[in-house]
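Remarks on the structure that follows.
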Amino acid sequence: MSYGRGGRRRYREDYDDRRREIHETPEQKIKSVIIKFGEVDPVAELPRVEKQIRDHVPLNIPNLSEAFRLSVTEQPYKIPYYAALIRLLHEQPDYSDGTSLGRLLLEDFWKGFQSYLDKLAWRETRLCIQFFAHLTMAKVISPDSMIALLQAFTSVLDEFGVSLGRAKRAAMCAAEGLMFAGPILKFHSTSSVTDMINALQTYNDTMNSPKWLVQSTVSLYCDNPFNEHADELLDSLLNSLKALNDSDFSETSNIIPQPYSDYPPLDPSLSQFNLPSVLVPPEVIELDGLSSNPGEDIQLKKEEWPEYHIHFFDNEISPDPNTPAGYVVRTSLLDLIDIFEVNRKECARLLLEYPKWNLPGTFKPKPGAPVEMEPVPGKDWQLESTILETILGAYLILPEATHKSLYYISLITELCKLSPSTVGPALGKSIRKVYTLLSDGLDVDAARRFADWFAVHMSNFNFQWVWREWLGDLALPVQHPKRTFMRRAIEFEIRLAYHERILKTLPEQMQSPDMYIISEQAPGPDFEYDDPGHPYHAAAQTVLNLFRGRSKAEDVISSLDGVKRELENVDDPGMNVDAAVRFITMQSLLHIGSRSFSHLLNAIERYLPLLRNLASAGMSSTGGSGNYEAKMDILTACASFWKQSRQMISIVFDKLMQYQIVDPTDVVAWVFLQGSGLGDPHEIRAPSSLSAFQWDLLKGALDKANGRVLIAKRKVAALRKEDDDTRARAKATANTMEVDADAKPEESPTVDNPALSTALKAFSTLTQEQKAVLSRTLEGFAAYLAPSASDHHANPATRVVITGEGWNNRADWGRDEWAAWETWGWYRQFCRAYSPYLRNYSNTLSTVSFSRFEGSTDPAAELIRRTWNVATGQDA
């Protein structure tokens, strides 16, 4: 047979396709059947899947059990139906000893659960407990063993020094097990259920201080953690559990599907499955490295805080999470969002299909869909509004969300693409709800994230927004959170597009420079010496020509002496020649690198010796430290050059820290001493206050210092392990070389490790830098928020905004009050976001930074101390 060219190509393609075909083994096929079970109609599919499992020969119990484990932990919305499937497989003896197939599957399933528990995989553990609770309701698992399992988790709450994260997850495991299996457990042992609920409540009552620090809306003067706009996770869980307990769990069947509830009684010859006893293992302390002092191994891990989820809509639109049905819906959606973080498109599809796995009447039917039943009282919620409220609530959790911001933003975008006609209106309502909360004290970091998301979302949909709705808010003070939100959102939109395009999307009233909403000029460099009339123009051109000619760094350094002599002849009485040379040199270098990001990096890397020379200048004429002043001049020159593009200021500062031209401590000092006084074309700054821009610079410096310490710790740990292995090998070699068994063994040889010694010294230096950065930040906030009476640059409103009377009169606040309130918000964010690092040095930092507050009854000083104590665990 002969083939033409096209025929041969098709033959090869068909052959390649056949090679790529996936041939599933019988075990893989039955496993796939279990995992994909229920995609069409779970109730109707139950008998068919049961028969397929029973008919599969030979039965591979571990393979089947693994399919159930994967399904339960990765498809939690199917858990009731998998419990029903196990119930069907447990209805009759399948083996000569009277054992059922369901029991064998559960025995192997338990091994997987024990593995999750040993690894402290909390989400998987909690979902398995939900599965066990459904099986308890299905009469497969004995109530006694289920109660013992839940009691093992409530006992975690009594551990000495238990962390909030561990306690919170253990409490969720126990409480949700009670919610799902409550009817049987309370009938079996009322006292056990009551004791567990009391244990949960007792622990939750001790969490008021941490809750106060991470509330979504801030009332600085108020100690009460109650928040009308947000719901705390454990509070919602306990309220829901108590409501069920008060009704003897009679409402459980109205909130959770129970497809096994109508099954006939089990064969009397089959005994119930008893869950083995367990002990929740202690937390594993993973050390990222070693401290400079022996025995001071520091654990650096993300601090756990209470979770406040913002509640946007009325209870008729989205479920109240303080009710059993509302709590189950929200946590189920959160589980979906968490599990499918690896696939946002699949997550969006499953979220929109979520009503399929709920009881009928839980959500309103889709537009045009037939109405199968009357709306259920207390339910009939709007699906899209509920989903968006859940996603945005998870995104705005303080001090930071579980996942990257980009995931939540892209997930909302996918939802809009899948169902624009239903998600779009709900999204618009969500934006307006969050915008309204800005006036009610929405936390400054949540407001910053809201602006970030708003800008990115607008970029995906042609930057279309009804800005005219907010024109009336232009009459608010320039530092009001709503005005601040507009500025930041539009600034981000410009980064994602360009100035002229965004300007055209705004109403004419918002385009005016007097409104401080959008800058008059497009973001770009501002080389102040470009004007021929500037007295330093000639000197700047000299330096600029050296850079343009790609002169060597050494030649530029030597040429600066001539530039300095030239400037000494300029008639400018207030001129500091050394500072002027630094400004001219720095701005000229940035001017060369302003064409693109790669130009900037090339310029900095090419002239690193020059930059280090500028930063290590000698003593200044004022008698201060020339090194410090030189670094301040370098940072100020950069900020002045890029004053029309705040993003570039952050980038240049980061690069200067990366190449160690300036230290993170220098950036922190610059922010507090000069950052708020820098001329800003975007807004009018109040004295001694921090905006989101200054916070970004602070955060960059703090993260840089902390990151260096973590890297050094890992390097020390690796070298220490390598050193231990080397010593062990040397000792083993020495032992094998012993010939005379009666001879006294020699000491194991000492193996020097110069690399380890160098790494320990570097770690010690970086640790000191980290402590200095944290200390300088704390001192800066203390000086801003509780200034002395002699500080003429202080914001007089810092004490007004922390009183109940002041907050209740916030409609009369002006620029200074709102700026002070925002500064307080960034101090709170600093304390809670960096609490793991602050705790390591809590005594040293508080002694140095708060020494001037000793014996003071100043309310601002007391609030500073209280916030610090809560963050460092001294006021739990």
Side-chain angles (χ1 to χ4, degrees), residues 32 35-40 42 67 69-82 121-124 126-128 130-131 172 176 233 257 307 309-310 312-313 318-319 321 326-358 362-364 366 381-397 400-427 429-431 434 449-450 452-454 456-457 459-461:
S32 180
I35 293 174
K36 294 179 180 179
F37 152 66
E39 294 298 329
V40 179
R69 282 198 304 271
L70 290 175
S71 302
V72 165
T73 56
E74 296 183 12
Q75 302 178 101
Y77 45 90
K78 295 183 182 179
I79 286 178
Y81 303 96
Y82 282 114
W122 288 106
R123 186 189 69 211
E124 289 80 1
R126 179 171 58 84
L127 295 176
C128 287
Q130 290 185 17
F131 182 55
M172 290 182 67
E176 291 185 6
L233 184 65
E307 293 183 26
H309 294 257
I310 297 180
F312 302 142
F313 302 108
S318 64
Y327 175 83
V328 169
V329 167
R330 189 180 67 176
T331 52
S332 298
L333 292 175
L334 286 172
D335 285 336
L336 272 176
I337 294 168
D338 190 34
I339 292 169
F340 288 91
E341 183 262 343
V342 295
N343 190 339
R344 66 182 187 277
K345 293 185 177 181
E346 183 69 5
C347 183
R349 181 186 69 82
L350 291 172
L351 287 173
L352 291 176
E353 293 180 359
Y354 178 67
K356 169 184 175 181
W357 307 100
N358 281 263
T362 301
F363 293 99
K364 292 181 183 296
K366 294 181 179 179
W381 298 303
Q382 294 179 7
L383 174 65
E384 290 78 9
S385 296
T386 302
I387 292 174
L388 288 171
E389 184 179 73
T390 304
I391 296 174
L392 290 175
Y395 172 55
L396 298 178
I397 283 178
E400 62 180 339
T402 304
H403 303 292
K404 298 291 185 182
S405 297
L406 186 60
Y407 170 58
Y408 300 101
I409 295 171
S410 58
L411 177 58
I412 292 175
T413 301
E414 294 299 332
L415 289 167
C416 291
K417 291 178 180 178
L418 283 178
S419 183
S421 61
T422 58
V423 177
L427 184 64
K429 293 177 184 177
S430 300
I431 292 174
V434 183
R449 279 183 256 168
F450 172 44
D452 294 352
W453 163 64
F454 179 85
V456 176
H457 188 77
S459 72
N460 290 327
F461 296 94

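Model, not experiment: these values are computed from the prediction.
Counting heavy atoms from C-beta outward, L336 and L351 have side chains that approach closer than 4.5 Å. Residues H403 and D338 meet the side-chain proximity criterion, which asks for heavy atoms closer than 4.5 Å. Residues T73 and R123 are not in side-chain contact: their nearest non-hydrogen atoms beyond the backbone lie 4.5 Å or more apart. The shortest side-chain heavy-atom distance between V329 and F363 falls under the 4.5 Å cut-off. Taking 4.5 Å as the limit, some side-chain heavy atom of L127 sits within range of a side-chain heavy atom of Q130. Within the 4.5 Å cutoff, no side-chain heavy atoms of V423 are placed close to those of L418. When side chains are defined from C-beta on, L383 does not count as touching K364, because their heavy atoms never get closer than 4.5 Å. Within the 4.5 Å cutoff, no side-chain heavy atoms of T362 are placed close to those of P355.
The side chain to side chain contact (heavy atoms under 4.5 Å, CB included) test applied to T413 returns K417, H457, N460, F461, not counting sequence neighbours. Qualifying side chain to side chain contact (heavy atoms under 4.5 Å, CB included) partners for K404, counting only residues two or more places apart in sequence or in other chains: none. Annotation: salt bridge (charged side-chain N to carboxylate O under 4.0 Å, His left out) contacts of E176 (sequence neighbours excluded): R126. Applying the salt bridge (charged side-chain N to carboxylate O under 4.0 Å, His left out) criterion to E39, with sequence neighbours excluded, gives K78. Every residue two or more places apart in sequence or in another chain that forms a side chain to side chain donor-acceptor pair (under 3.5 Å) with S385 is listed here: Q382. With sequence neighbours excluded, the residues that form a side chain to side chain contact (heavy atoms under 4.5 Å, CB included) with S71 are I34, I35, Q75, Y82. Residues satisfying the side chain to side chain donor-acceptor pair (under 3.5 Å) criterion with S419, sequence neighbours excluded, are T422. Partners of D452 under the salt bridge (charged side-chain N to carboxylate O under 4.0 Å, His left out) rule, at least two apart in sequence or in another chain, are R448, R488. Remark: E353 pairs with R349 by the side chain to side chain donor-acceptor pair (under 3.5 Å) rule, at least two apart or across chains. Looking at residues two or more places apart in sequence or on another chain, you find a side chain to side chain contact (heavy atoms under 4.5 Å, CB included) between K345 and N343, E414. Residues meeting the salt bridge (charged side-chain N to carboxylate O under 4.0 Å, His left out) test with E307, sequence neighbours left out: K168.
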> Passes side-chain contact (heavy atoms from CB on, under 4.5 Å), Y354 versus I387? Steps please.
Replying inline: CA-CA 10 Å; Y354 178 67; I387 292 174; 5.7 Å; no
> Would L233 and M172 satisfy side-chain contact (heavy atoms from CB on, under 4.5 Å), going step by step from the backbone distance to the final call?
Replying inline: CA-CA 9 Å; L233 184 65; M172 290 182 67; 3.5 Å; yes
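A distance of 11.5 Å separates CD of E384 from CG of L427, quoted to the nearest 0.5 Å. For the atom pair NZ (K356) and CG (N358), the distance works out to 12.0 Å, reported to the nearest 0.5 Å. In this structure, CD1 in I391 is found 6.5 Å from SG in C347, a value given to the nearest 0.5 Å. To the nearest 0.5 Å, atoms CG (L350) and OH (Y77) are separated by 4.5 Å. Remark: Y395 OH to F450 CZ distance equals 10.0 Å, nearest 0.5 Å. The line from CD1 of I431 to CZ of F312 is 10.5 Å long, rounded to the nearest 0.5 Å.
Residues T390 and I337 approach most closely at CG2-CD1, 4.0 Å, considering heavy atoms. A pairwise comparison of heavy atoms in S430 and L392 identifies CB-CD1, 3.8 Å as the closest pair. Listed here is the closest heavy atom pair of P420 and P425: O-CD, 3.9 Å. The shortest heavy-atom contact between T402 and Y408 is N-OH, 3.7 Å. The shortest non-hydrogen separation linking W357 to P42 is CZ3-CG, 3.8 Å. Heavy atoms only, all atoms of each residue included: E389 and P319 are closest at OE1-O, 4.4 Å.
Side chain of R449 to backbone of I397: a donor-acceptor contact under 3.5 angstrom is found.
Pairs engaging residues 326-348 under the ring pair (Phe, Tyr, Trp, His ring centres under 6.0 Å) rule: none recorded [sequence neighbours left out].
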